[in-house]
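A short worksheet on the structure shown next.
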Protein chains: 2
Amino acid sequence: MDLGENELDAARLGAAFDRVVRLLRRSDLPGDLSQVAASTLYTLVHHGPSRLTALATAEHVTQPAMTQMIGRLEAAGLVSRGADPDDGRAVVVEVTDAGRELSARRRAARAVVLAELAERLPAPDLEALQNAVAALEHLAALGDQPPAP
Amino acid sequence: MDLGENELDAARLGAAFDRVVRLLRRSDLPGDLSQVAASTLYTLVHHGPSRLTALATAEHVTQPAMTQMIGRLEAAGLVSRGADPDDGRAVVVEVTDAGRELSARRRAARAVVLAELAERLPAPDLEALQNAVAALEHLAALGDQPPAP
DNA sequence: TATTGTTATACTCTATAACTATA
DNA sequence: TATAGTTATAGAGTATAACAATA
């Protein structure tokens, strides 16, 4: 592999991500949100009301897929759809209180699974993870394409 | 939140994982494996031939779902099915050379995406990530339920 | 004309229930 | 009886193509 001093072993990191994510799926209860639905809800909670096309772009799914997913989320009472007063074509999607609660509950459930696993890690590993939390957030933010409102 | 000195902020870490995984989906090409298919292939590569039920358990999907997924992987030439000489009911699944290659290529594609993102991180973040790779692998290994052969 | 969103259609993937075959 | 696996069926989720309405 021949990694330099400050070079990241992306292959190992990527594989580790895959495996951790597989673990986190354990926290997914029956009737829970799909990955993309959860991610969309998270986006709406943190970026506020957004256009349907902007959401589709941000989540990397097609416009028809987003139309249908928003339809399901709306039927479940997790989001609401409104018109854009400035553009008659546009649909503005907003998270409801129920959507906000579900999103928070999902996040908490994943945290519990993660915390249980982390308890069994040796102290140096725990410390390394703790020190990497901010870096991971920065990494995630690098790829963020916030849904332009 | 009130975190102690050596306590992990699992909620933040879990959310960061979610977001990074969403980024990695960009490396998924059309015609690529599903998440579970890729994970199953990975399991077969690293744990060797396994029973269908063991795979279903390890991947947290139902037995019928695994039956069908193995059927698709077999049709694609990525795995092969054999009989267990000791148990006439059992099916033993094994990864083929083509399956091994595809699994490696997928891992490489994700690594490229990750490396491109990491290049844009400041040095301290990069270092923190680098130092956390082993810890993440240990974390993933904690939850491993190897498919008892 | 270009953009926003929907409808139509088809395919993948999953789960539950009912079944067959072996232990 | 219990276990390993399959088949049947229904539903979620996705994509491409064709469409309607607004800019």
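The structure displayed is predicted, hence computed values, not measured ones. Lettering of chains follows the sequences in order, A, B, ..., and the numbering in each one begins at 1.
- Each side chain to side chain donor-acceptor pair (under 3.5 Å) pair with one or both residues in residues 112-125 of chain B, not counting sequence neighbours, appears once here: A:His138-B:Asp125.
- In this structure, the side chain to side chain contact (heavy atoms under 4.5 Å, CB included) partners of A:Ala98, at least two apart in sequence or on a different chain, are A:Leu78, A:Thr96.
- For the side chain to side chain contact (heavy atoms under 4.5 Å, CB included) test, residues two or more places apart in sequence or in another chain that qualify with A:Ala16 are B:Leu136, B:Glu137.
- For the side chain to side chain contact (heavy atoms under 4.5 Å, CB included) test, no residue two or more places apart in sequence or in another chain qualifies with A:Ala104.
- To the nearest angstrom, C1' of D:dT14 lies 15 Å from CD of A:Gln35.
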Name each donor-acceptor pair under 3.5 Å that joins a side chain in residues 66-73 of chain B to protein atoms two or more places apart or in another chain, with its distance.
unit_1	atom_1	unit_2	atom_2	d
B:Thr67	OG1	B:Gln63	O	3.2

Q. Which letters describe nucleotides 18-23 of chain C, given B = protein heavy atom under 4.0 Å from base, S = only from sugar-phosphate, - = neither?
A. ----BS
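- What separates CD of B:Glu74 from P of D:dG5 is a distance of 14 Å, to the nearest Å.
- Taking A:Ala108 as the reference, nothing meets the side chain to side chain contact (heavy atoms under 4.5 Å, CB included) condition, with sequence neighbours excluded.
- Residues B:Val79 and B:Leu44 form a side-chain contact, since some pair of their non-hydrogen atoms from C-beta on lies under 4.5 Å apart.
- Distance B:Leu55 CG to C:dT14 P: 13 Å, rounded to the nearest Å.
- Scanning for side chain to side chain donor-acceptor pair (under 3.5 Å) contacts around A:Asp87 gives A:Arg51, A:Arg89, with sequence neighbours left out.
- Residue A:Thr62 has no polar side-chain atom (N or O) positioned under 4.0 Å from OP1 or OP2 of D:dT14.
- For the pair B:Thr53 and A:Gln63, nearest-nucleotide mapping onto DNA chain D gives the more 5' position to B:Thr53.
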Under 3.5 Å, which N/O atoms of the protein pair with N/O atoms of nucleotides 11-13 of chain D?
unit_1	atom_1	unit_2	atom_2	d
D:dG13	OP2	A:Arg72	NE	2.6

